[in-house]
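Below, chains carry the letters A, B, ... as their sequence lines are ordered, and counting in each starts from 1. Computation of the quantities below employed the complete heavy-atom set of this structure, encompassing side-chain atoms and omitting hydrogens, waters and symmetry-equivalent molecules.
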Protein chains: 2
Amino acid sequence: MPTVSSEELAAAAGVNSAKLRKDFSYLGSYGTRGVGYDVEYLVYQISRELGLTQDWPVVIVGIGNLGAALANYGGFASRGFRVAALIDADPALAGKPVAGIPVRHSDDLEKIIQDNGVSIGVIATPAGAAQQVCDRLVAAGVTSILNFAPTVLSVPDGVDVRKVDLSIELQILAFHEQRKAGEEAAADGAVPATAARKQSAGKGPDGDMPAVMPA
Amino acid sequence: MPTVSSEELAAAAGVNSAKLRKDFSYLGSYGTRGVGYDVEYLVYQISRELGLTQDWPVVIVGIGNLGAALANYGGFASRGFRVAALIDADPALAGKPVAGIPVRHSDDLEKIIQDNGVSIGVIATPAGAAQQVCDRLVAAGVTSILNFAPTVLSVPDGVDVRKVDLSIELQILAFHEQRKAGEEAAADGAVPATAARKQSAGKGPDGDMPAVMPA
DNA sequence: ATGTCTTTGTGAACGCGTGCACAAAGATGG
DNA sequence: CCATCTTTGTGCACGCGTTCACAAAGACAT
Ligand SMILES: NC(=O)c1ccc[n+]([C@@H]2O[C@H](COP(=O)([O-])OP(=O)(O)OC[C@H]3O[C@@H](n4cnc5c(N)ncnc54)[C@H](O)[C@@H]3O)[C@@H](O)[C@H]2O)c1
Ligand SMILES: NC(=O)c1ccc[n+]([C@@H]2O[C@H](COP(=O)([O-])OP(=O)(O)OC[C@H]3O[C@@H](n4cnc5c(N)ncnc54)[C@H](O)[C@@H]3O)[C@@H](O)[C@H]2O)c1
């Protein structure tokens with residue numbers, strides 16, 4: 001029976017082994033003292049807890065450059081997500097297959113959502129259309145939205161929104177880049193050491209950035 | 001002179017005003033008591049601190065569906081990022097313009113990086129090529145990488161990597177979705193309340209997920 | 001069986017980020 | 001020039017997540 005110890009997993013993930021064990025303990029006592037965790041069983045338990053054992057139908061709205069790239073992305077299916085439909089407002093696209101799935105016109109949006117029991121929607125429309133599309137998705141029953149348009153969406157309570165913004169990712173990199181550059185060349189009104197948190201040495205997945213930035 | 005108070009900004013950003021003031025204080029004392037912050041001056045100071053006042057040349061490697069979508073993305077330029085070059089291994093693409101920029105062959109990768117003083121690279125190649133591309137970028141002098149390929153890149157110390165993974169974003173949404181669903185229907189081996197951190201009520205930009213998930 | 005050795009699960013301490021609350025600063029009006 | 005009012009900047013305390021450290025559990029050998 002293949003097993004892993006919390007120590008091994010922690011080293012691989014670059015975190016503290018105690019934290020890892022404590023995190024796992026919230027899911028139950030799945031380890032064996034003196035041995036470690038049964039890999040297969042552990043993967044199953046975590047998958048179940050994360051909701052990966054169920055099938056999640058998603059719709060992608062806005063099948064342009066980005067939407068098409070997302071539709072073609074194989075990483076979807078491998079984690080239990082199924083593209084239930086591709087939706088676009090452009091009549092010229094309607095019926096044309098993208099990644100093997102025919103594009104549906106956005107007139108049918110509500111029907112598609114309801115017929116497929118979709119609760120997760122992806123927005124890849126131009127920024128100007130995003131809020132409107134969002135409202136329709138929410139009204140039709142979608143309660144989780146992944147937004148690629150550079151807009152802040154407002155949604156009612158109970159609806160989750162995650163925004164993916166390439167330029168913010170680049171800004172975070174640029175921020176660290178700048179800090180690397182001016183590390184020993186620090187001269188003028190430099191930020192006091194307090195603000196220079198732990199220097200993410202290529203490890204920490206989350207950046208250390210000031211928390212707030214006005215639009 | 002248009003000004004904003006920390007209270008207004010905090011409300012708009014959905015954070016605590018004291019935290020916002022304290023964050024700003026790390027950059028210096030740019031506010032005026034009894035009045036607030038001079039908007040223009042504040043924006044400049046934050047921009048400078050974040051490195052947005054300089055011009056950052058970036059290269060995109062792998063001009064397929066995703067790479068082309070990224071190249072077309074206008075959010076780049078508006079934040080001080082300039083697409084210095086598009087690079088692909090496919091000879092058929094070489095010379096063809098994408099988003100107005102001719103695609104260069106990856107043979108010239110090192111030269112392009114050095115000629116343009118590029119320190120930020122974007123990887124949008126298939127997963128199999130990502131590490132190899134990464135190694136070449138780093139060897140050529142790139143010290144920040146934005147990775148869209150579903151692979152964990154290993155890089156030397158001093159190089160920052162950020163990974164954008166659509167399926168992880170979806171997983172986070174699905175996780176909350178599952179929790180919403182089973183909220184009052186909680187029955188079997190449910191996670192103890194401790195693990196159910198603050199229910200992000202559509203506000204918190206960062207999700208609350210177990211920190212570690214083995215590959 | 002008993003002992004040893006490894007690794008889990010977790011109580012307790014630590015450290016840090018967040019938020020409260022207020023004094024100081026400065027604008028504004030009389 | 002002084003009083004008042006608003007809003008900043010920040011010391012301090014609280015709370016939460018992280019880490020330490022160890023007892024308990026179980027495997028495995030003798
Ligand atoms: N987050 C990122 O990193 C990132 C990267 C690239 C692009 N983007 C953004 O993603 C969005 C799409 O980018 P793109 O390059 O694919 O643009 P695009 O113009 O190629 O595609 C937009 C598509 O949306 C469709 N559309 C427009 N209004 C619609 C509506 N009301 N309902 C349904 N469909 C509608 C259009 O017909 C078009 O097919 C843009 O907002 C862009 O800024 C984000
Ligand atoms: N992170 C996400 O959310 C997300 C979404 C979609 C796709 N992806 C990933 O992004 C990557 C690209 O996706 P895509 O749909 O554009 O794929 P694609 O096949 O359309 O494009 C890949 C491109 O990379 C080029 N390429 C291959 N090897 C190369 C090399 N060694 N050097 C330079 N260029 C090379 C190919 O010629 C091709 O043009 C894939 O790894 C995919 O899994 C990620």
Subject >> Whole angstrom value for the distance that separates C1' of dG19(C) from CG of Leu20(B) >> reply: 13 Å

Subject >> Nucleotide dG11(C), atom C1' - distance to CZ of Arg21(A) in whole Å >> reply: 13 Å

Original post:
Taking only residues two or more places apart in sequence or in another chain, which ones pass side chain to side chain donor-acceptor pair (under 3.5 Å) with Asn16(A)?
Top reply: none

Could you run down the sub-3.5 Å N/O contacts of the protein with nucleotides 25-28 of chain D?
| residue | atom | partner | partner atom | Å |
| --- | --- | --- | --- | --- |
| dA25(D) | O4' | Arg33(A) | NH1 | 3.4 |

Original post:
Just to confirm, is there a sub-4.0 Å distance from OP1 or OP2 of dT8(D) to any side-chain nitrogen or oxygen of Ser6(B)?
Top reply: yes

Subject >> Under-4.0 Å side-chain N/O to phosphate OP1/OP2 contact, Lys19(B) with dT18(C) >> reply: yes

**OP:** Decide yes or no, distance alone: a donor-acceptor N/O pair under 3.5 angstrom between the base of dG17(D) and the side-chain of Lys22(A).
**Re:** no

**OP:** Starting from C1' on dG9(D), measure out to CG on Leu27(B) and report it in whole angstrom.
**Re:** 13 Å

Original post:
Which heavy atom in Ile63(A) sits nearest to a heavy atom in Ile87(A), and how many Å separate them?
Top reply: CG1-O, 3.7 Å

Original post:
Between atom CD in Gln45(A) and atom P in dT8(C), what is the gap in whole Å?
Top reply: 16 Å

Subject >> Pair Glu177(A)-Thr143(B), side-chain donor/acceptor within less than 3.5 Å >> reply: yes

Subject >> Residue Gln54(A) excluded, over 12 heavy atoms near CD under 6.0 Å >> reply: yes

**OP:** Would you kindly give the CD-to-C1' distance between Glu8(A) and dT6(C), to the nearest whole Å?
**Re:** 12 Å

Subject >> 5' precedence on DNA chain C between Ala18(B) and Gly36(A) (nearest-nucleotide basis) >> reply: Gly36(A)

Original post:
Looking at side-chain heavy atoms only, is the closest gap between Lys180(A) and Ser144(B) below 4.5 Å?
Top reply: yes

**OP:** Answer yes or no: does a side-chain N or O of Tyr37(A) lie under 4.0 Å from OP1 or OP2 of dG9(C)?
**Re:** yes

**OP:** Return the value, rounded to whole Å, for the distance between atom CZ of Phe24(B) and atom C1' of dT18(C).
**Re:** 16 Å

Subject >> Name of the residue among Tyr37(A), Tyr44(A), Tyr41(A) meeting ring-ring contact (aromatic ring centres under 6.0 Å, His included) with Tyr30(A) >> reply: Tyr41(A)

Original post:
Counting any heavy atom closer than 4.0 Å, what does Ser17(B) reach on the DNA or RNA strands: base, sugar-phosphate only, or nothing?
Top reply: nothing

Subject >> Distance-minimising heavy-atom pair for Thr151(A) and Ala130(A) >> reply: OG1-CB, 4.1 Å

Original post:
Would you say the side chains of Arg21(B) and Ser6(B) form a donor-acceptor pair under 3.5 Å?
Top reply: yes

Subject >> Any donor-acceptor pair under 3.5 Å from Gln178(A) side chain to Glu49(B) backbone >> reply: yes

**OP:** Let me know the distance between CG of Asp23(B) and C1' of dT10(D), rounded to the nearest Å.
**Re:** 13 Å

Subject >> Separation of atom CG in Asn16(A) from atom P in dG15(C), rounded to whole Å >> reply: 15 Å

Provide a list of protein-nucleic acid N or O atom pairs under 3.5 angstrom, restricted to nucleotides 3-5 of chain C.
none

